[in-house]
2 protein chains.
Amino acid sequence: MMVQECKISPSDSAADGPRVACCDLESELSVELFKALSEPNRAAILGTLATTGGQRTVGEIAECCTVDLSVVSRHLAVLRDAGILEAQKRGREVRYRLLVKPLADYLRRLADSLEACCPPREESDT
Amino acid sequence: MMVQECKISPSDSAADGPRVACCDLESELSVELFKALSEPNRAAILGTLATTGGQRTVGEIAECCTVDLSVVSRHLAVLRDAGILEAQKRGREVRYRLLVKPLADYLRRLADSLEACCPPREESDT
DNA sequence: AAGATGCTTGCATGATGGTGCAAGAGTGCA
DNA sequence: TGCACTCTTGCACCATCATGCAAGCATCTT
């Protein structure tokens with residue numbers, strides 16, 4: 001709740017090239033990130049920030065769900081601490097922005113790690 | 001807990017080609033999948049199944065964490081209902097297998113949907 | 001048939017987490 | 001300085017969930 005650092009590790013795979021070792025998987029698995037995405041209202045918030053794009057104030061974001069604004073504020077903090085959102089204070093307002101690239105990169109890196117561990121078997125994997 | 005169907009929708013993006021619409025994002029966001037991955041022991045189970053590869057019995061999988069075997073059995077059911085694992089009963093044993101390809105495809109599809117909504121801005125996204 | 005093995009399920013318990021309300025902190029305006 | 005506005009935080013409540021133990025179910029062995 002208090003940690004500011006980005007929980008999604010910077011895409012070192014890009015620096016190291018496309019090679020992904022098998023043992024990387026467990027370290028890649030960000031339980032906190034998944035936990036952040038595992039709540040319906042937080043998913044709605046993420047969807048809102050993705051579709052509207054750019055920065056949005058807490059009040060604007062809160063329109064996407066029926067819960068109290070304080071609840072939305074807390075959800076935003078969770079997403080921010082997970083490294084998915086970035087907060088920027090301007091005057092009284094706090095504008096949140098979805099960190100699209102880091103999140104998308106993380107998802108792809110995780111997919112790569114998975115398949116690096118277990119090469120897909122076309123005949124059995126559905 | 002009881003549902004057998006795969007919660008990860010079959011990769012229709014592959015059928016429709018690389019085009020991903022923005023409004024797809026919310027439907028792509030599988031809260032149940034993320035919830036399944038948001039528990040440390042389940043993440044360990046997934047890591048074990050990924051690194052060892054192939055099918056593993058419940059007893060074998062249970063060695064990866066310190067909790068009771070019944071707990072592991074329940075975690076496996078959650079992962080199976082989320083569409084990540086496949087169970088196959090053989091005699092007394094039940095062998096679980098990680099569905100690598102569907103999971104990896106889902107993660108990449110989600111990444112594509114995200115960037116389809118919000119084209120990455122190189123100057124601001126870290 | 002009887003017992004052993006492998007796994008699942010019912011039940012109770014403790015921990016975690018989402019929620020609303022009220023209060024607080026920070027900022028802008030008159 | 002006082003007030004309105006925006007957001008965060010403390011607190012209490014309730015729901016969900018992870019866990020261990022015991023019992024149950026299915027299968028294999030003798």
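The chains referred to below are lettered A, B, ... by the order of the sequence lines, with proteins before strands, and numbering in each begins at 1. Values below: every heavy atom of this structure, side chains too, minus hydrogens, waters and symmetry copies.
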Residues that Val31(A) engages under side chain to side chain contact (heavy atoms under 4.5 Å, CB included), provided they are two or more places apart:
Lys35(A), Pro40(B), Ala43(B)

So what does Arg42(B) touch, heavy atoms closer than 4.0 Å: a base, only the sugar-phosphate, or nothing?
sugar-phosphate

Which pairs, with at least one residue in residues 41-83 of chain A and sequence neighbours excluded, count as a ring pair (Phe, Tyr, Trp, His ring centres under 6.0 Å)?
none

Grab the CD-C1' distance between Glu32(B) and dC17(D) for me, whole Å please.
14 Å

Every protein N/O within reach of nucleotides 19-23 of chain C N/O, cut-off under 3.5 Å:
from    : atom 1 : to       : atom 2 : distance (Å)
dT19(C) : OP1    : Asn41(A) : ND2    : 2.5
dT19(C) : OP2    : Asn41(A) : ND2    : 3.4
dT19(C) : OP2    : His75(A) : NE2    : 2.5
dG20(C) : OP2    : Asp68(A) : N      : 2.7
dG20(C) : O6     : Arg74(A) : NH2    : 2.6
dC21(C) : N4     : Ser70(A) : OG     : 3.1

Leu79(A) CG to dG18(C) P: how many Å, rounded?
10 Å

For the side-chain contact (heavy atoms from CB on, under 4.5 Å) test, which of Val78(A), Leu76(A), Leu37(A) pairs with Arg42(A)?
Val78(A)

Distance check needed: dC17(D) P versus Phe34(A) CZ, whole Å only.
18 Å

Round to a whole Å and report the spacing from CG of Leu37(B) to P of dA18(D).
12 Å

Side chains of Leu103(A) and Leu33(A): closer than 4.5 Å at any heavy-atom pair?
yes

Pairwise ring pair (Phe, Tyr, Trp, His ring centres under 6.0 Å) hits with a residue in residues 31-63 of chain A, at least two apart
Phe34(A)-Phe34(B)

Enumerate the protein-to-nucleotides 25-30 of chain C contacts in which both atoms are nitrogen or oxygen and the separation is below 3.5 Å.
none

Can you measure Arg56(A) atom CZ to dC7(D) atom P for me and round it to whole angstrom units?
13 Å

Distance in angstrom units between Lys35(B) NZ and dA15(D) P, rounded:
16 Å

So, does Tyr96(A) get its side chain near the phosphate of dT8(D), meaning an N or O under 4.0 Å from OP1 or OP2?
yes

Distance-only donor-acceptor pairs under 3.5 Å for side chains of residues 88-96 of chain B, two or more places apart:
from     : atom 1 : to       : atom 2 : distance (Å)
Gln88(B) : OE1    : Gln55(B) : NE2    : 3.1
Glu93(B) : OE1    : Arg95(B) : NH2    : 2.9

Among all residues two or more places apart in sequence or in another chain, which pass the side chain to side chain contact (heavy atoms under 4.5 Å, CB included) test with Val67(B)?
Asn41(B), Cys65(B), Val71(B), Val72(B)

Are the charged groups of Asp112(A) and Arg108(B) less than 4.0 angstrom apart, N to O?
yes

Check side chain to side chain donor-acceptor pair (under 3.5 Å) between Ser73(A) and all other residues, then give those that pass, not counting sequence neighbours.
none

Grab the CG-C1' distance between Leu85(B) and dC7(C) for me, whole Å please.
15 Å

Interatomic distance, Glu93(B) CD vs dT29(D) P [rounded to whole Å]:
11 Å

Take the C1' atoms of the five end pairs on each side of the helix from dA1(C)-dT30(D) to dA30(C)-dT1(D), derive the two axes, and give their angle rounded to 10 degrees.
20°

Sequence neighbours excluded, which residues qualify as side chain to side chain donor-acceptor pair (under 3.5 Å) partners of Thr48(B)?
none

In chain order, what residues pass the side chain to side chain contact (heavy atoms under 4.5 Å, CB included) check against Glu60(A), with sequence neighbours excluded?
Arg56(A), Thr57(A)

